[in-house]
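Notes to accompany the following structure.
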Amino acid sequence: MASLKEDPILGIDGITIKEEFGIGKPVIDKLRDDRLALETEGTVIKGESVIDKVREEGSGGQGERDMVPPTSNSIHRSGSRPQLDLSKAAIEGNFEERDPTILLPNQSDDISHLALDIGGSLIKLVYFSRHQDRPTNDKRKKTVKERLGISNGNRRSYPILGGRLHFVKFETSKINECLDFISSKQLHRGGMDSHSWHSDTSSNGNAVIKATGGGAYKYADLFKERLGVSLDKEDEMDCLVAGANFLLKAIRHEAFTHMEGQKEFVQIDQNDLFPYLLVNIGSGVSMIKVDGDGKFERVSGTNVGGGTYWGLGRLLNQCKSFDELLELSQKGDNRTIDMLVGDIYGGMDYNKIGLSASTIASSFGKTISEKKELTGYRPEDISLSLLRMISYNIGQISYLNALRFGLKRIFFGGFFIRGHAYTMDTISFAVHFWSKGEAQAMFLRHEGFLGALGAFMSYEKHGLDDLMVHQLVERFPMGAPYIGGKIHGPALGDLNEKISWMEKFVQKGTEITAPVPMASSGTTGLGGFEVPSSKGGTLRSDASALNVGVLHLVPTLEVFPQLADPKMYEPNTIDLADHSELEYWFTVLSDHLPDLVDKAVASEGGTDDSKRRGDAFARAFSAHLARLMEEPAAYGKLGLANLLELREECLREFQFVDAYRSIKHRENEASLAVLPDLLVELDSMTEETRLLTLIEGVLAANIFDWGSRACVELYHKGTIIEIYRMSRNKMQRPWRVDDFDAFKERMLGSGDKKPCPHKRALLFVDNSGADVILGMLPLARELLRHGTEVVLVANSLPALNDVTAMELPDIVAEAAKHCDILRRAAEAGGLLVDAMINTSDGSKENSSSVPLMVVENGCGSPCIDLRQVSSELAAAAKDADLIVLEGMGRALHTNFNARFKCDTLKLAMVKNQRLAEKLIKGNIYDCVCRYEPAS
Ligand SMILES: Nc1ncnc2c1ncn2[C@@H]1O[C@H](COP(=O)(O)OP(=O)(O)O)[C@@H](O)[C@H]1O
Ligand SMILES: CC(C)(COP(=O)(O)O)[C@@H](O)C(=O)NCCC(=O)O
Ligand SMILES: [Mn+2]
């Protein structure tokens, strides 16, 4: 095993076991003796004596080696492994069949709810699903809630139910596919849940589905016949407006501008939304002046719309699909078809009225002067001319209507747009040109689903209109959209389906997995565009399906109450709109993928099934990366935090619940073994030295980060203790960002300033093992000692090697066995309700203590977006006067620039060279100790 001595990155030229190590010799020696080693090439850390000893004592035998302690908690934010109730299972039908249907009578399915918009071209479905409530019988959580004064978390106290909104579309001509889909998912059977949704049965007992669009009338009988459901018809305009208003109010990154190839999300001020012009470009076009919720007037429209483009284009070009037609336009040159100003003016501009030579004077006008037949023109050119003709025309009529009513903002919806860059650029150009920049064209990510959403919202008592931005989390699961727009289905539901699809997909080609460079803009100024700006040979995969994720409704999420200015808050520090940043982080994540897959597969025992899932996960995540490389804003505004969260979600999608579970477990045990000695040493110090040593300890132990490439390389070179020791040795002050003295003064006072302990501290903890046990817990203990209540804030779901809120109580209980301060505080905080505590000194002392508590933060990512945290955390935060954010993800990638109403300490070791240079003009392994008094 190579020694750290030679590590050039760290520049450490000798490991000496001396007092300079800060916490002194004994602990180090103990750790050394225990010879904790990290295996060089393996996927798991191998522990020797301490770990093995603990194991032999603690559990029955070999079989349990990698088991994580059982937990009784159930924390959910999004999907985790589904539970099957196999009781009374029976095979239905023929036993000889290869794949017989198995009936699970006691399995409670997702409860669903469905609404439809059946248009002239497309059928849009919006459906809601939710898992049955899982019983939570968790004493610890209850005690913490009582302490924090949170009322019994009864779901019914929320206006809406948690669940997911899915968006799906089908071609109207293939209505049978749509009916099959509804029937296979049993979407028409849902919604009877007595305590939630309006009971959707008509007086004669038939299920009723809300539907809008002409097809609600045309196909009513078919729905009755095939599914036995009645369609409850809702007015189309009502629905469009309700859908648009909901999206504009509830989805943060819904509306965007698109000019010259540049997409930019627009922050909509809820209090300044109305009036606006809504232009829905479906088969035909409706223009609606919207003045408020339910307050609108259809002021205009045009019969030249999406149907015209698709219909004429199909006739002229014999295309088989809309996408084929649109794709042709990307290779077109309209100058061969359109009569331009230059054609009339002998190649010159018509400057007097501001028309350049390339301005279209007459769409299709050139074809009259040439004696060519249809076959003499390129389909590509025809498609482009047609697209420009229709888009300009709609843009112009929209502008005229905006002018008529003095409206500055025009939102465009409908599936004609199809997230197609050139279509949007053309419409924006027309609006901008005619209004001389006064009016603004904006587009909606859920473009074609306005009507269906509106129909969905028309169910009584659903409470959707009360939903707030912070209660919605959008996720982008892998699935059908990637098939290429032919099947307009949602993400494939079943895991096996998903894996086989990924496998097939990869065999077919690497269209999506090969990153595509971003398109450059191609406008020529006044006269419009010479050629489309998106030059790609193939059309982006069905953007309308792909740009729209699954909306998770999480009514329990809240805005973190200590944010100084929630409206101005931006979690991401690194802006991925900068192309070189984007490329850098994409490479980092791609490079990390093989290692992550190794860990994930190992965490599931390395079975064939897990290998297959690991492979599918890698392909899926690469496909996401490629998609985002091609269009960074495809899933909304993209920051590094989103990418890191996407990776965790993708792992969960392929049912890797906790990829680093055994690593975390081993590091926890190793660290717990040395904690008692560390505490003894800390206690022998003066208060001042101790505080410094504690902060150093947090920073040094933050090196145990399995998400950093540099750190993972280190683990292959040295033992835990070698790395830890080296890390502590590096702790020379001043740190790169060093506000320690200010923090110390606040904690301990100075001169005649008396120390003034904080009332309650929230400690946002990061990694398992040394990071939390040797770093944050001792800091927590010090705060408790000062009379400060401590709330440990940890992830709700696993992410890398971060410790979760579920794992913390056991860790604290273990630590409390050797420390009275922790024990009494943990007892007071209700953390030890089911743990058997034997204190080392055997004392039964019952003196009161400030509490130590644990709350989940509501997320499952190494970063944290404080606009969406658990209600538990929000409640705990109300009385907090100190926040400690720890780790790179929570304190640097996100929240580095965040301002809080109370004192804040941001502690992290920077484990990435580029970030160190950019953020703190320093180097890898430099440290940040930023103290910001209440603002
Ligand atoms: N896959 C597709 N098949 C057919 N039309 C599509 C497709 N994708 C986009 N479109 C365009 O969307 C239009 C339909 O838009 P939509 O908002 O669904 O309106 P409608 O409710 O009238 O069907 C079509 O006329 C066509 O221009
Ligand atoms: C994922 C992380 C934010 C986790 O860091 P932590 O919050 O544990 O300190 C960090 O490991 C990271 O930014 N990794 C990617 C960069 C790299 O490999 O250098
Ligand atoms: Mn971490």
Side-chain angles (χ1 to χ4, degrees), residues 117-124 169-174 212-215 236 240 280-286 305-314 321-326 387 390 413-420 423 447-452 485-488 539 542-545 574 584-585 587-589 591-592 595 640-641 643-645 647-648 660 664 701-713 764-769 771-772 795 798-803 861-864 885-894 907-916 924:
D117 173 5
I118 313 177
S121 306
L122 300 169
I123 304 177
K124 281 74 61 178
K169 69 180 162 65
F170 294 86
E171 285 170 27
T172 308
S173 57
K174 296 180 185 157
T212 189
E236 201 171 335
L240 282 175
N280 192 67
I281 319 178
S283 309
V285 185
S286 283
T308 319
Y309 173 61
W310 176 206
L312 260 181
R314 202 184 66 84
S321 74
F322 179 84
D323 279 4
E324 190 186 333
L325 178 66
L326 203 53
L387 182 64
I390 289 162
F415 270 129
F416 167 69
I417 295 166
R418 200 208 167 285
H420 189 236
T423 307
E447 50 184 21
F449 287 106
L450 308 186
K486 283 197 188 59
I487 297 173
H488 301 279
L539 197 60
D542 191 342
S544 52
I574 304 289
Y584 173 77
W585 290 104
T587 313
V588 167
L589 293 186
D591 290 352
H592 188 232
D595 184 59
L640 185 52
L643 274 184
L644 291 169
E645 185 171 17
R647 184 171 67 180
E648 299 299 333
Y660 290 81
K664 292 195 293 183
N702 191 234
I703 201 166
F704 293 101
D705 166 13
W706 284 88
S708 148
R709 198 163 145 199
C711 292
V712 174
E713 268 166 35
F764 287 77
V765 295
D766 181 5
N767 303 319
S768 306
D771 196 350
V772 65
N795 269 15
L800 291 165
N801 61 321
D802 290 355
V803 69
S861 152
C863 298
I864 184 164
L885 287 164
E886 193 232 342
M888 228 166 120
R890 291 163 190 81
L892 303 183
H893 289 330
T894 49
L907 298 173
M909 177 188 275
V910 193
K911 291 150 290 189
N912 174 284
Q913 179 64 25
R914 182 175 165 118
L915 189 78
I924 188 165

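Counting starts at 1 for both ligands and their atoms, in listed order. Computed from a predicted structure; not experimentally measured.
Protein residues having at least one heavy atom under 4.0 Å from any atom of ligand 2 are Trp585, Val588, Asn702, Asp705, Gly707, Ser708, Arg709, Asp766, Asn767, Leu800, Gly887, Met888, Gly889, His893, Lys911, Asn912, listed by chain and number.
Panel note: side chain Ser861, backbone Leu644; no donor-acceptor pair is recorded below 3.5 Å.
When heavy-atom distances to ligand 1 are checked against a 4.0 Å cut-off, Trp310 comes that close only through its side chain, counted from C-beta outward.
Not a single N/O/S atom of Asp705, whether from backbone or side chain, sits less than 2.8 Å from the Mn ion (ligand 3). Among the atoms of Asp802, an N, O or S atom falls under 2.8 Å from the Mn ion (ligand 3). Backbone or side-chain N, O or S atoms of Asn767 reach the Mn ion (ligand 3) at under 2.8 Å.
Remark: Arg914 is positioned above the aromatic ring of Tyr584, its terminal NZ or CZ atom under 6.0 angstrom from the ring centre and at most 45 degrees off the axis.
We find that Arg709 and Asp595 are not joined by a salt bridge, their nearest charged nitrogen and carboxylate oxygen being 4.0 Å or further apart.
In Asp766, the N, O or S atom that comes nearest to the Mn ion (ligand 3) is OD1.
Not a single heavy atom of Tyr309 sits less than 4.0 Å from an atom of ligand 1.
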Step by step, would you call Val772 with Glu886 a side chain to side chain contact (heavy atoms under 4.5 Å, CB included)? CA-CA 10 Å; Val772 65; Glu886 193 232 342; over 6 Å; no

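A tilted orientation is assigned to the rings of Trp706 and Tyr660, their planes being inclined by 30° to 60°.
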